[in-house]
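Working notes, beginning with the structure itself.
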Amino acid sequence: MKKKPEFVHKSCMACRVCGQTCPVSCIQFEDTSVDRYQKAYPVLTEGCIGCSLCESSCFYDAIVMEG
Amino acid sequence: MYGYMGKVLMVDLSSETWEVLDIDNRIYENYLSGMGLATYMLTKYIPKGADPLGEDNVLGLVTGILTGTGAAMSGRWLAVGKSPLTGGWGDANCGGTFAPAIKQCGYDGIFVRGKANRPVYIYVDNKFVEIRDAETYWGMDAVSAEEKLIKDNWKKKRPEAAVIGTSGEKISLISGITNDFGRIAARSGLGAVMGSKKLKAVVCAGSKPVKCADPDGMKALSKEYAGKVKRFNLPGAMGHVLGVTGWAMGSMKYTSPLDGMLTAGLLKNFGSGLNNKLALANGDAPIKNWKGNWNDYSLVDAKNMKPPVIYKTETRKYHCYGCVIGCGGICDIKKASGGEFTHTHKPEYETVNSFGALLLNKDHESILYINELLNRAGMDSISAGSAVAFAIECYEEGILTKEDFGGLDMSWGNSEAIIALVKMMILRKGIGDLLADGIKIASEKIGKNAREYAIHCGGQEAAMHDARLDPMLGVHFSADPTPGKHTTGAMLYYNSMFLWEDSDWAPRNKRRLKSKEYLPSDEEALKSVAMAAYKMVLDGAGGCYYGMITGNQHLRLQDQLNCATGWKKSLDDYLEIGKRIQTARQSFNIREGIDPKKNIMGKRMRGVPALTGGPLKGKSVPIEEMVSLHWKHMDWHHETGVPHQLTDFDQVDSE
């Protein structure tokens with residue numbers, strides 16, 4: 001089974017680097033429930049190929065491949 | 001090759017051909033990428049005397065060295081070209097997600113020359129470059145066109161697009177280039193350059209990686225910076241007291257260095273809108289076409305401009321690529337627009353003031369609506385607001401009449417008339433056609449004594465910050481090769497940047513009397529030179545100016561660049577590069593016949609006559625002496641502003 005990214009909100013900076021790195025654009029910034037600023041944090045949508053490029057692009061250790 | 005791609009794409013729309021140009025490493029080492037790379041390309045490929053709206057002008061979309069390397073605050077891109085507004089060097093900066101998309105196609109910049117014989121757009125991905133028909137998109141506003149272009153070109157990876165709106169298509173000289181559905185690289189009239197080439201958009205769909213020489217080092221830098229930003233929070237209720245804070249700032253007799261990380265807390269809450277009421281309270285915000293004060297527009301009049309009120313309908317915040325602060329936001333404007341639009345990007349401070357205090361407009365909902373009108377048209381809100389202010393003053397003085405405005409009552413603060421005039425400018429109808437080319441040209445065409453009310457620097461409308469509060473700002477309004485921009489430098493920024501901690505020559509700022517800032521001196525000039533040089537490095541890096549304001553002691557720009565490239569340069573090495581970039585931009589202007597003295601801000605902006613009320617009462621700025629000293633320390637002639645050694649890229653190429 002393919003591993004898929006899990007987002008660690010405590011570390012995430014909502015900087016959109018993972019979203020721009022994803023080769024199939026399956027990371028969207030839509031979750032506004034994480035902090036008091038209503039910042040849009042990443043969510044995984046359909047189509048993930050489990051390539052882990054998002055994990056390696058994240059400098060804040062906010063993505064863990066799970067599954 | 002680390003940090004940069006080493007190549008640019010040059011597209012010729014006249015011949016419908018394109019080529020990939022390799023850029024010598026020496027260009028990057030001596031001029032960086034972004035703004036520096038642009039000085040090389042524009043000087044080399046634009047023939048002297050080229051018509052800004054002709055085939056020979058070259059439009060560039062460039063990124064910086066740090067973009068894509070994991071560096072914090074590195075997602076900016078620049079549009080560059082010969083400006084039809086000023087006749088000289090033109091640049092405009094924007095964030096969002098377009099910057100990495102250029103690099104992911106394998107290029108540090110995409111340059112376009114020639115003119116298409118029909119509307120086209122350029123499509124670029126990892127392998128292909130295509131000039132495609134854009135008839136379908138021509139005539140669409142920038143937001144709708146971008147949505148359709150992305151949908152039509154989305155295969156695996158979602159593409160990004162830089163687009164012009166209808167103002168660019170109609171060659172409005174105050175139009176810009178948009179991305180991310182309404183963010184805009186607004187200044188210098190480069191949307192008109194794109195429109196003149198019949199180029200609706202550039203779509204980037206690449207996925208190439210950007211190499212970083214020391215990813216572990218970069219990761220450590222980014223984490224440390226992000227950690228500081230994350231820890232620094234201020235209560236949202238702070239938005240209600242920013243006016244008082246500004247008043248206190250304005251009243252203090254002293255100025256002193258301040259840790260810029262304070263601004264990160266405010267930016268996270270409010271974005272640039274933190275300044276909306278604060279700037280009115282401390283005197284930073286120009287009122288009534290730069291001639292007014294609190295007697296014309298009081299802090300009570302501005303009660304709806306404070307962030308918690310004007311951004312009351314904000315539904316979410318967002319970050320640009322690589323940003324860890326997140327100053328962007330989306331506001332619901334169904335009510336403000338009467339159902340015409342659902343949402344808009346949170347209006348920036350510049351937009352709020354240019355359509356608020358500058359026009360004595362108290363109706364904050366009208367500003368939200370105008371913001372979306374302008375974003376979709378792709379028109380610069382600073383220039384557009386300034387054009388409306390100019391028009392109102394001409395109306396007040398009897399130079400223009402109600403009939404000239406198609407029956408509109410153009411009294412100060414009449415928000416309905418302001419909206420109507422903005423629409424006329426977007427459509428280029430009636431008097432709007434004249435104003436859509438900026439106030440310098442409009443005032444020349446109107447004649448009489450209209451020039452007295454046209455507040456600009458070298459043809460470009462000045463940004464919404466007052467040099468009578470911060471004289472260094474006036475130096476950069478006047479001396480930057482793109483005049484009228486507020487982002488090149490100000491004492492407020494310098495105070496927070498702590499360059500003196502890593503530079504041997506950038507003067508330390510100490511606690512001192514504000515009145516001393518009005519005294520031109522070699523030390524003050526060295527500060528403005530250090531400021532401009534740093535900003536050029538930032539623009540060569542793809543960095544964000546809010547990152548700069550948080551302070552270089554936190555951002556560590558020189559370390560970021562060294563990690564990206566593998567170089568071992570000091571901050572002073574980079575500042576030298578920054579000066580070199582600035583000199584190359586000035587050399588471009590000299591070649592194009594620009595007289596730097598004519599870019600110096602006019603009497604009203606420098607406080608002649610002085611204001612009679614408010615925090616700037618009685619203040620004036622000895623701008624000519626200050627600019628002269630700035631030129632001297634830039635190694636430019638102190639009386640003419642001409643660099644002692646003009647940049648010669650032919651020589652650089654032949655070495």
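Just so it is clear: chains get the letters A, B, ... in the order the sequence lines come, proteins before strands, and each one is counted from 1. Since the structure is predicted, the reported quantities are computational estimates derived from the model, not experimental observations. As a basis for the values below, the full set of heavy atoms in this structure was taken, side chains included, without hydrogen atoms, waters or symmetry mates.
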Among B/Lys268, B/Lys156, B/Arg158, B/Glu314, residue most engaged with chain A (heavy-atom pairs, under 4.5 Å): B/Lys268
Most chain A-contacting option - heavy-atom pairs closer than 4.5 Å, from B/Ala226, B/Gly75, B/Gly326, B/Gly68: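 Between B/Ala226, B/Gly75, B/Gly326, B/Gly68, the count favours B/Ala226.
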Heavy-atom cut-off 4.5 Å, strictly under: side chain, backbone, both or neither for [X] against chain A?
X        : value
B/Ser207 : neither
B/Ala72  : both
B/Thr69  : backbone
B/Ile330 : neither

Under 3.5 Å, is there a donor on one side chain and an acceptor on the other for [X] and [Y]?
X        : Y        : value
B/Asn179 : B/Trp77  : yes
B/Asp332 : B/Thr342 : no
B/His345 : B/Tyr318 : yes
B/Ser272 : B/Glu348 : yes
B/Asn93  : B/Tyr545 : no
B/Tyr107 : B/Thr63  : no

Run the salt-bridge test on B/Asp125 and B/Lys157 with the 4.0 Å N-O cut-off and return the result as yes or no. no
Given that the side chain runs from C-beta out, which part of [X] has a heavy atom under 4.5 Å from chain B: side chain, backbone, both or neither?
X       : value
A/Cys22 : backbone
A/Tyr37 : both
A/Cys12 : backbone
A/Ser11 : backbone

Taking everything shown except B/Lys223 itself, do over 12 heavy atoms lie less than 6.0 Å from its NZ? yes
Near B/Lys230 NZ, under 6.0 Å, is it more than 12 heavy atoms from other residues, nucleotides or ligands? yes
Does any part of the side chain of B/Val229, heavy atoms only, come nearer than 4.5 Å to the side chain of B/Met261, both counted from C-beta?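 They are in contact (side-chain heavy atoms under 4.5 Å apart), so the answer is yes.
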Heavy-atom check, side chain of B/Ile310 versus side chain of B/Lys306, under 4.5 Å: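 They are not in contact (no side-chain heavy atoms under 4.5 Å apart), so the answer is no.
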Part of residues 94-104 of chain B lying next to chain A, heavy-atom separation under 4.5 Å: B/Thr97, B/Pro100, B/Gln104
